[in-house]
Amino acid sequence: MSVYRPPVLRALATAALLIVFVAGCGSEEQAATEAAATTGAANAEVTEPFGAYEREVTQAEIDEKGEKPRPEGSTPPPAGTYRLALNSGSIVVTDPEGGSIGQELSVTGGTLVIKRYIGSGGIVFCTDDAESSYAWELAGDELALTPKHEGCGDREAVLAGTWLKSR
């Protein structure tokens, strides 16, 4: 469900969510790199999907997976380029219009577990922030997310697919 927020509030909320992300960003990758250097390994294998990614979400994906029936007063997520920021404690999704949503995140093996909302800068996937989970697979700069348990069609329409690591 999309909620209109004035541009100033949206910018402030987005900045707050980015601060949450930046606070934990890179520490896992840096630790993996330092461990590889200490042990003399030539290539550090990143075993967790932390970082920033982008992906094009099509109207067809939104039409196929989005909320049905759509709750009164809610609007579907817009098609376009989405940004995804993952760190050890949160997931932040930013839509093509600059709105964002943050949720608690934990990573267990090959599964992302998405928990309660921790902030919104203009968007909300669904009114119920029930826990969901996605299998993840990282191959080079591509992160594939596949829903394991998801009760929110709009969130699935945005998250399920292949994300490209941002530079």
Exercise. Any chance you could measure S100, atom OG, to R83, atom CZ, to the nearest 0.5 Å?
Key: 12.0 Å
What's the shortest heavy-atom distance between [X] and [Y], and which atoms?
X	Y	answer
E97	D95	N-OD1, 2.9 Å
P49	Y53	O-OH, 2.8 Å
D154	G66	OD1-CA, 3.4 Å
P77	Y82	CB-OH, 3.3 Å
E156	P147	OE2-CG, 3.5 Å
A79	P96	O-CG, 3.6 Å

Cluster check [X], [Y]: I/L/V/M/F/W/Y, side chain < 4.5 angstrom:
X	Y	answer
L164	L84	no
V93	L138	yes
I101	I62	yes

Quiz prompt | V107 and W136: CA distance, side-chain angles, deciding distance, side-chain contact (heavy atoms from CB on, under 4.5 Å) verdict | solution = CA-CA 10 Å; V107 178; W136 65 270; 3.7 Å; yes
Short question: side chain of [X], backbone of [Y] - any donor-acceptor pair under 3.5 Å?
X	Y	answer
R55	A160	yes
T108	T111	no
W163	A52	no
D141	K165	no
E61	T58	yes

Quiz item: Going by heavy atoms in the side chains, are E67 and P76 under 4.5 Å from each other?
Solution: no
Practice problem: Please tell me if the side chains of I114 and L159 come closer than 4.5 Å, counting only heavy atoms from C-beta onward. | Solution: yes
Self-check item: Result of checking R116, R155, E131 against Q103 for side chain to side chain donor-acceptor pair (under 3.5 Å)
Solution: R155
Quiz item: Within a radius of less than 6.0 Å around CD of E137, do more than 12 heavy atoms belonging to other residues, nucleotides or ligands occur?
Solution: no
Exercise. Could you tell me whether E150 and K65 have a side-chain N and a carboxylate O separated by less than 4.0 Å?
Key: no
